[in-house]
Amino acid sequence: MEIPKTYEALKAEEKWYAHWMNRGYFHSQPDEREPFTIVIPPPNVTGVLHMGHMLNNTIQDVLVRRARMLGKNACWVPGTDHASIATEAKVVQKLRAEGIRKADLTRDEFLAHAFEWKDKHGGIILEQLKKLGASCDWERTSFTMDPAYSESVINVFIDLFNKGKIYRGERMVNWDPEALTAVSDEEVLHKEVNSKLFYVRYKIVGTDDEWLTIATTRPETILGDSAICINPTDVRFKQLHGKFAIVPISNRTIPIIQDDYVDVEFGTGCLKVTPAHDTNDYELGKRHNLETINIFNANGTLNSLGLHYEGQDRFEVRKAIEKELYDKGYLVKTEDHINKVGFSERTNAVIEPRLSLQWFVAMKDLSAPALDNVMNGNIKFHPDKFKNTYRHWMENVKDWCISRQLWWGHRIPAWYFGEGANDFVVAKTVEEAMDMASKKAGRTISSADLKQDEDVLDTWFSSWLWPISVFNGLTDPENKEIKYYYPTNDLVTAPEIIFFWVARMIIAGQEYMNEIPFKNVYFTGIVRDKLGRKMSKSLGNSPDPIELIEKFGADGVRVGILISSPAGNDLPFDTSQCEQGRNFTNKIWNAYRLVNAWEVKELDQPLSSKLAIEWFDAKFNKELAEINDLFEKFRISEALMAVYKLVWDDFCSWYLEMIKPGYEQPIDAKTMEATIVFFEKILKVIHPFTPFISEELWHFIRERKDGEDVMMENWPTIQAVDENIFSGFTLAEEIITNIRNIRKQGNIANKVKLDLFVKKNKEANLTFDPVVVKLGNLSSMEYVSDKISNANSFIVQGNEYFIPFGETVDIEAEKSKLLEELNYTKGFLKSVQGKLKNEKFVASAPDQVVAIERKKEADALEKIALLEAKMASFN
RNA sequence: GGGAGAUUAGCUCAGCUGGUUUAGAGCACCUGCCUUACAAGCAGGGGGUCACAGGUUCGAACCCUGUAUCUCCCACCA
C-alpha cells in the first residue's frame, strides 16, 4: 500500500478519535469485568486548557487506556466545576465591560447572566481534551451544579447540620474586600512584603507627659484600638499595670491589659489591641472582654468609626494617618520591616481579617478516619512523601468556613424567620422550612416571613462529593453504578489541592460511603518554563496546548510532556520536548514504511534473521516486565522511557537492521510474519502514550475486521525468556561496535566489506556470529590460532579480533589507544586487588562478592597480558 | 519560627536491601556520514571529587552527625 512519506498527525487524530467515539469505546457501563475508574479533577467550567491540564490529563489517559487493554472495564468520568469565586469574578468582569454592575442586578438576573456565560464558555476545555486524545466517557459528563448534583450538596449540608457538624458562628474570617466574600485559609497566599513598622506613642491617663510607645504595621487600625497589651512579666512596664492610655486622634481612653501573648522582644514590648481587625487581637479581646470596634466597610474603606477618614480606602488612610500622626507629634519613628501579608488567591486583594457570621464545618471528628486511611496505606500517595504533608494538616485541621458571599453556587439552605441568633431552620425546600420554622417559633410562619440565607457554599463543599455524586451515590445510594464504580482507582491531581480537595474527598467518602474514594493518588508537579517560573496567563509564558498539538501532533505533545516528569516533581517544560515526542512518532512511522516496502517471497530464512527474532522476542518480554513494573509503581515517565528505548534502540536500531534484506531484495515470509507480530506488540505497548499513531499503523500493518482496533486489544502477556540469548547478543553487540569504531577511525565506508579474524582464547557464546557478519558487513569471519599482524585489532571478553587493513593502520594511534586501555585496566586491577589484599574484606564479605572480585581480577590480568603482548608486537 | 523533601553529567532524572568492573539514561554537546525507512536520521565520542566536612563499615552516591544551598508545606508575631 502507498503511504505518505511523513505521518499526518492531524488527519489521523481526527479520524481515529471520531472512530473510537462512534464505536462507543469510551463508554462504560457496569458488567462482570473488574472496574477501573478515574474521575477527572473537574476543571473550572469556564476554564481554558493550559499545560497543567495537559500533563494531568495525559497521565489519566495513559492509565485509563492501559487499564482498558488489561481487560478492565475502564471508566473515566469527565466534568466541570462551577468554581464559584473564579466564575463569578469572570461574569462580573464581563458584565462590567458591558456597562452592567452586579449591584444593579437582582440575584436571579445575575444568575441568568452567569448561566448564559456558562452555556457559552462551559465545556470548551472538555472539547480541547478530545484533541489530546482523552478517552473519557463523555456520556457521563458531570457538572457540580447539575440538578442531581446540587441536590446531593444540599442534602449533605442538611445532614451535617442535623448531625451537629455544621454550625453558624461569628468568627474572624479571611475577607476578600474585592470579591466581597470570605475565603478559606487555603485560598490565602502569604507573601513577604516590604513594609514599615510605625512607632506610635500613646499618652498615659493621669499623667502630664508620660507616654508609652507601640509598634504597628497598620497605623490606620489605631482608630479601632480597644486596649494596649503588655507582657505581665515585663519589668519595664510594671508601672503601667492597671492604668489607661489615650488613643491618638480618636482620643478614646483604653485600658492597659496584661497577657503573655505579647513578645517582650518584638518592637517596643507594647502591643495595641484591635479586636475587629486582627485574629490574635480578636482572641485577646475575647479573653479580656474588650470592645470590638469595626472601622471598615466590606469593601475595605473606612466607615463612620473611621472619623474624618470615612469613605477612604484602607491603604490611602495608612498614608494619610502617618502624616497626621507625625504632624501631631505621635509618630516616634518608622522602621523598614518585612512582614507576611495575606493575598486572595483569586483577586490578589490584600486579605482583611473580618468578623462576620459564617457557616462552619466542624472538622475534627470527620477527619480522623480520613487520616488513618492514608497513614495505613489503604490509600497510597505517589510519591508517598506527601503523606507527611497530609498528616500534618489533618492533625491540625481547623474548622472549615463554607459560606461565601456570592451568588454563583449552591445557596445555603438556611431560612431565617427572625432576628435572633437561633431564629432559623435548615431545610431543603421553603415548604419544609415553613413547617419547621412554625414549630420552632411556636407560631405560623409563612413563606413571606422566611428569608433564605443569601450566601452560597464554598466550591469545595460540592467538589468533595465528586467521586460519589458523579454516580448519584447520594441521591440514589442503592444504584448499581455507585456500587460498581466506587471506590474509584486512581486520582491524578496537583499537590496544591491536597487539602482543598483530596483530603476532603477522603473525608466525604468516609462519612457518606463509609469507604475510601480512591486507592491511589498520583500527584503531578507544577509545569514551569525554562526559567523555572510557574506557567501562567499573566506571565504569558505558557504555550497554547492546542497550538502545540497542531504543530507536533497530539501524540508528540503527550510524549513531550511525560518524558521527564516524575510524580511530584515540577516539570520544567520546553517545546523542544514535544519535538522529541514528534520525532518519536516519526521514527515509528518510518519503521513501518521500511517494513511495508519489503516484498515477501518464499525463501529460506537467513540464520541471522532467525537469531534476531529469538533475541527480540526475549528482549521484548524482558522489557515488558520492566514496563509493567514501572506502571505498577506509578513511574509513568520511566515507563515511557522504557517504551521509547524498546522501540527506538531495540526494535529499530537493532532488530530491523538485523533482518533487513539487501537493497531491493525480498524478505522471507517467516521473518516477515514474525516482524509484523512484533510490530503489533510494539503498537500495543505504545498505545497508552501515543494512541493515534498506534491506531493508524495498526490498521496499516494488517487487514482488520470491523472492531479490530488496537485501543481495544489486550495488553501483551509476558512469556518465559531464555536468558542465554542475551549473553550471545551482548558479545555480538560489542564486536559490532568495535568494528564500527575501526571503520570510523580508518575512514572506511560502511559499504566496504571487511574480513574479521578471531583468535579465540576463551569460551564464549558465539551463537550470534551470523549477526556479526551481517551488521559488521563482513565478507568473512574466521577463527585462527595465531595473531594477525598488520591489522586493526580489539579484544572482547578475552578473545582477540583482527581486521587486516594494512595500508591505513596508524601505528602511533593504535599504540596510544592500547596504552590508554592498558592504563585503565591496570588502574582497575589495582582497585580490585586492593580489596582482595584486605584480609578483612575476604573474611567479612559474602562469598559471592569475593568471588566476583576474584573474577574481576582474573579478567583484568588476562586482558593486561593480551594488551601487553600487543604492545610488544609493535616494537 | 516549625516541619518535610531535595542536592548525582550542561539540562531533566534513575540508581531498590551498602558489594555486578572505576556511577547510568534521555536530551543537549562534539566528530564523521544526505549509507534509498527515517538529517524529525545513522554511526561513533567526550563529559560526573555523587553539595561540603566528619563518622560507621572489610566496603558508602546509598547508613549516621554536622554544615551549606534550594524547594515545598504549616504558623497570627504586632
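Per chain, numbering begins at 1; letters A, B, ... match sequence-line order.
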* Any donor-acceptor N/O pair under 3.5 Å between rC58(B) base and Asn838(A) side chain -> no
* Check every atom of rC27(B), rU31(B), rC76(B) against the side chain of Gln580(A) and return the nucleotide holding the closest atom. => rC27(B)
* For the pair Ser344(A) (side chain) and Ile351(A) (backbone), establish whether a donor and an acceptor sit closer than 3.5 Å, ignoring hydrogens and angles. => no
* Asked: Can a side chain N or O of Asn741(A) be found less than 4.0 Å away from OP1 or OP2 on rG45(B)?
  -> yes
* Structure fact -> note: Glu734(A), atom CD; rG44(B), atom P; distance rounded to Å ~ 13 Å
* Mark yes or no for a side-chain to base donor-acceptor pair under 3.5 Å between Arg740(A) and rA43(B), with no hydrogen or angle criteria applied. => no
* Asked: Quick one: Lys398(A) NZ to rC74(B) P, roughly how many Å, whole number?
  -> 10 Å
* Reckon Asn583(A) has a side-chain N or O less than 4.0 Å from the OP1 or OP2 of rC38(B)? -> no
* Asked: Side-chain N or O of Lys387(A) less than 4.0 angstrom from OP1 or OP2 on rA4(B)?
  -> no
* To do: Show the numbers, then the answer: is there a ring-ring contact (aromatic ring centres under 6.0 Å, His included) between Phe678(A) and Phe651(A)?
  => CA-CA 9 Å; Phe678(A) 286 153; Phe651(A) 187 65; 7.1 Å; no
* Would you say rG15(B) has OP1 or OP2 under 4.0 Å from some side-chain N or O of Arg635(A)? -> yes
* OP1 or OP2 of rA6(B) less than 4.0 angstrom from a side-chain nitrogen or oxygen of Lys385(A), does that happen here? -> no
* What integer distance in Å separates Glu283(A):CD from rA78(B):P? -> 17 Å
* Asked: Do Tyr261(A) side-chain atoms and Asp281(A) backbone N/O form a donor-acceptor pair below 3.5 Å?
  -> no
* Structure fact -> Separation of rA75(B) atom P from Asn174(A) atom CG, nearest Å, is 10 Å
* Asked: Closest approach of Gly224(A) and Pro275(A), non-hydrogen atoms and distance?
  -> O-CD, 4.2 Å
* Roughly, in whole Å, what's the span from NE2 in His392(A) to C1' in rC74(B)? -> 5 Å
* So does Tyr282(A) get a side-chain nitrogen or oxygen closer than 4.0 Å to the phosphate oxygens (OP1/OP2) of rC76(B)? -> no
* Asked: If we take the C1' atom in both rA25(B) and rG15(B), what is their distance in whole Å?
  -> 10 Å
* Spacing of the P atoms in rU69(B) and rU31(B) (rounded, Å) -> 40 Å
* To do: Hey, could you give me the NZ/CG distance between Lys762(A) and Leu866(A), rounded to the nearest 0.5 Å?
  => 9.5 Å
* **base_contact_polar (rC76(B) base, Tyr261(A) side chain, donor-acceptor, <3.5 Å)** => yes
* Structure fact -> Parsed dot-bracket for RNA chain B after applying the Watson-Crick and G-U rules with both distances under 3.5 Å and | for other-strand partners is (((((((..((((.....[....)))).(((((.......))))).....(((((..]....))))))))))))....
* Asked: In whole angstroms, how far is the P atom of rC72(B) from the CZ atom of Phe386(A)?
  -> 12 Å
* Ring-on-base stacking between Trp589(A) and rC38(B), under 5.5 Å between centres and under 30° between planes: is it there? -> no
* Asked: OP1 or OP2 of rG2(B) sitting under 4.0 Å from any side-chain N/O of Trp393(A)?
  -> no
* Asked: Would you find a donor on one side and an acceptor on the other, under 3.5 Å apart, between the side chain of Asp629(A) and the backbone of Ala625(A)?
  -> no
* Asked: Within less than 4.0 Å of OP1 or OP2 of rC38(B), is there a side-chain N or O belonging to Lys5(A)?
  -> yes
* Taking CG from Asp384(A) and C1' from rA4(B), how many angstroms apart are they, rounded to a whole number? -> 12 Å
* Asked: Does OP1 or OP2 of rU21(B) have a side-chain N or O of Lys855(A) closer than 4.0 Å?
  -> no
* Going by an N to O cut-off under 4.0 Å, is there a salt bridge joining Lys645(A) and Asp650(A)? -> no
* Asked: In whole angstroms, how far is the P atom of rG45(B) from the CD1 atom of Ile742(A)?
  -> 12 Å
* Asked: Looking at Phe726(A), does the NZ or CZ of Lys622(A) lie under 6.0 angstrom from its six-membered ring centre and within 45 degrees of the ring axis?
  -> yes
* Asked: If you check every side-chain atom of Asn750(A), which of rU35(B), rA40(B), rG26(B) has the closest atom?
  -> rU35(B)
* Structure fact -> Among rA37(B), rG44(B), rC73(B), the one nearest any side-chain atom of Phe499(A) is rC73(B)
* Asked: Heavy atoms, side chains only, cut-off 4.5 Å: are Lys196(A) and Glu335(A) in contact?
  -> no
* Do any side-chain nitrogens or oxygens of Thr216(A) fall under 4.0 Å of OP1 or OP2 in rA78(B)? -> no
